[in-house]
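Below: one structure, written as structure tokens.
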Amino acid sequence: MQTDFDSLQLPKKFLTKPNIEAFANSFPQTFAEAAKLLYSNHIYLKDDVLQNRIRLASLSRKFHSEADTLTNTIENQCALLNDPATKLFVSAHQPNLFAYSGIFKKVVLLETLKTTIEKYKESGIVNLFVIVDHDFINDIWMRRAQLPSFHHSSGLLQLRFSLDHLKRWAIMSKVPRPPEKILYNWRSEIISWIKKSSSSPSHCAAMVDNLNSFWEIVESAYSKARSYSDFNAFLMSKIINSIWGYNTLFVRLSEMSNVFQNGFQFLISNLTTYTDALRGTEQTLLSQGQSTGVSSTSYDKAPMWLHCNCGSKARLSVATQEKFAFKGSCISCNKELTLDLAPDGSNRPDLSKVISFISPRAVSLPLLLSLDLQISCYCTGKGALGYLTDANAISKHLGIDWPLILAWDSKDDYIGIAQNQALNSIHMKIPEAKSRLQELHSRMDEYETKIRELVNKRTELAKADASLSSILEDLFQLKEEQRRIRREIVILEKAVKILNLRPCILDYAVNFGMAHTEKQWHRHLLENGNLTAPVSFDGD
Ligand SMILES: [Zn+2]
């Protein structure tokens, strides 16, 4: 594979052997293993880290006060950040529209670990959720929520927040909340989906009741939010803090730059090692055919974004020959932005004046969380494995402590209204459906060949002026059969899609309610504990 890296010589020590799969396999596979590792983990907090945690507490208090979820238990957790013995468990995600279950499961995993460990240990644990609200609104997952639907030809009901084209490079936290009409339309679409999907009027009424109680918190999150990201983040906080009663602290990444000032200073002071380690890791991974999703030109880029006055931001590269000077063009308005961190030629970068204009890149976030907050554990999803592999390699070269990484990305095994319809329409399970599909596709190929032969024969007969009636009859039969197979394929493919889907949280809210959903996840962790096995939901 030809990459930007090929022409560049790297010192040998940066050509390590990172491997995304091996990295993922190194994570604890069970709840008990994770609890044991975190139980025995001790930290000695640095003074400046304690100051950062105190800053974090005030940012979190601000968020919860604005989300209307600031309770006494949240206040107590904020106060725990003053205590150097407190451990921090962290997960992070973009505030997606009606986010998918994986985001909530990270929080359930950390909270269950926290309560399990706290039973045996005096010192406190704070469970932190970082809202990654500085990403571009362009990302489809931030604006689209998927529900399985047998009544849609695609097999999906998609709720969307559409944007006019010019705003697509705006940062989520700068985009206003959707108009009230959109909220109203989403609800109508869900009601109609429930009506068409449920098996009986009483079943339908129960599902609509579930939706109504969920929608109360949707509307209450909406009423407090000014921005699109706050609307989604407030809803997450209401589910997690209010319905579940968790004391997970939320904080907006867009407000955390001050917390990361020392960490940024450290990474920028060691920029050559940072970029060489990133380049070396990417080079090795790409040579093994593994893509991290990190842009192949990131190696010469800085560990931070630079924000523009227009509401968007720029990737930065090191400006030629000047130390601690960066430049880049704004992704939205194309304005050339520069950042000179040592204008007087000092050998130490000074970020104090510009800190509010910068924010972490995906690769640097886990490093900053470790440097500035000394986190004990970071819970992640599949999508983050690539950049975490990069960050892990950089941490080794820079001597940064690496937190325990946890992932709980397994599928949930449950039959909601749409899954039930899918199963009833095909009368078989996924593996059977898949082999049936294979069989049908090869039959389709056979029919196509037969039809082609008959069509050729018909042309010949027509030329010879012979009778066509018997061949036309055969062709008609074949085409009828082909249509029947095609119909069966469409239904099977749709059902498989529905049964394989990882739906947005609304599917859980409507089918089970949020409280029952949390119980299922919590119970799986304590009773089964396998972090890679599917979670079976019971029906009560
Ligand atoms: Zn701009």
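Every number for a ligand or one of its atoms is a count from 1 in the order of the listing. Keep in mind the model is a prediction, meaning the values are calculated, not measured. In this chain, residues are counted from 1 in sequence order.
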(message) Has Lys497 got a side-chain atom pairing as donor or acceptor with Ser154's backbone, closer than 3.5 angstrom?
(response) yes
(message) Checking the side chain of Tyr222 only, and the main-chain atoms of Pro178 only, is there a donor and an acceptor separated by less than 3.5 Å?
(response) yes
(message) Let's test this: below 2.8 Å, count the protein N/O/S atoms around the Zn ion (ligand 1).
(response) 4
(request) For the residue pair Phe27 and Phe23, categorise the inter-ring angle as parallel (less than 30°), tilted (30 to 60°) or perpendicular (more than 60°). (result) perpendicular
(message) Which residue in the set Arg177, Lys224, Arg252 passes side-chain hydrogen bond (donor to acceptor under 3.5 Å, both in side chains) when paired with Asp230?
(response) Arg252
(message) Could you tell me if Thr272 and Asp276 have a donor-acceptor pair between their side chains, going purely by distance under 3.5 Å?
(response) no
(request) Quick one: list whatever passes side chain to side chain donor-acceptor pair (under 3.5 Å) with Gln146, sequence neighbours left out. (result) Gln158
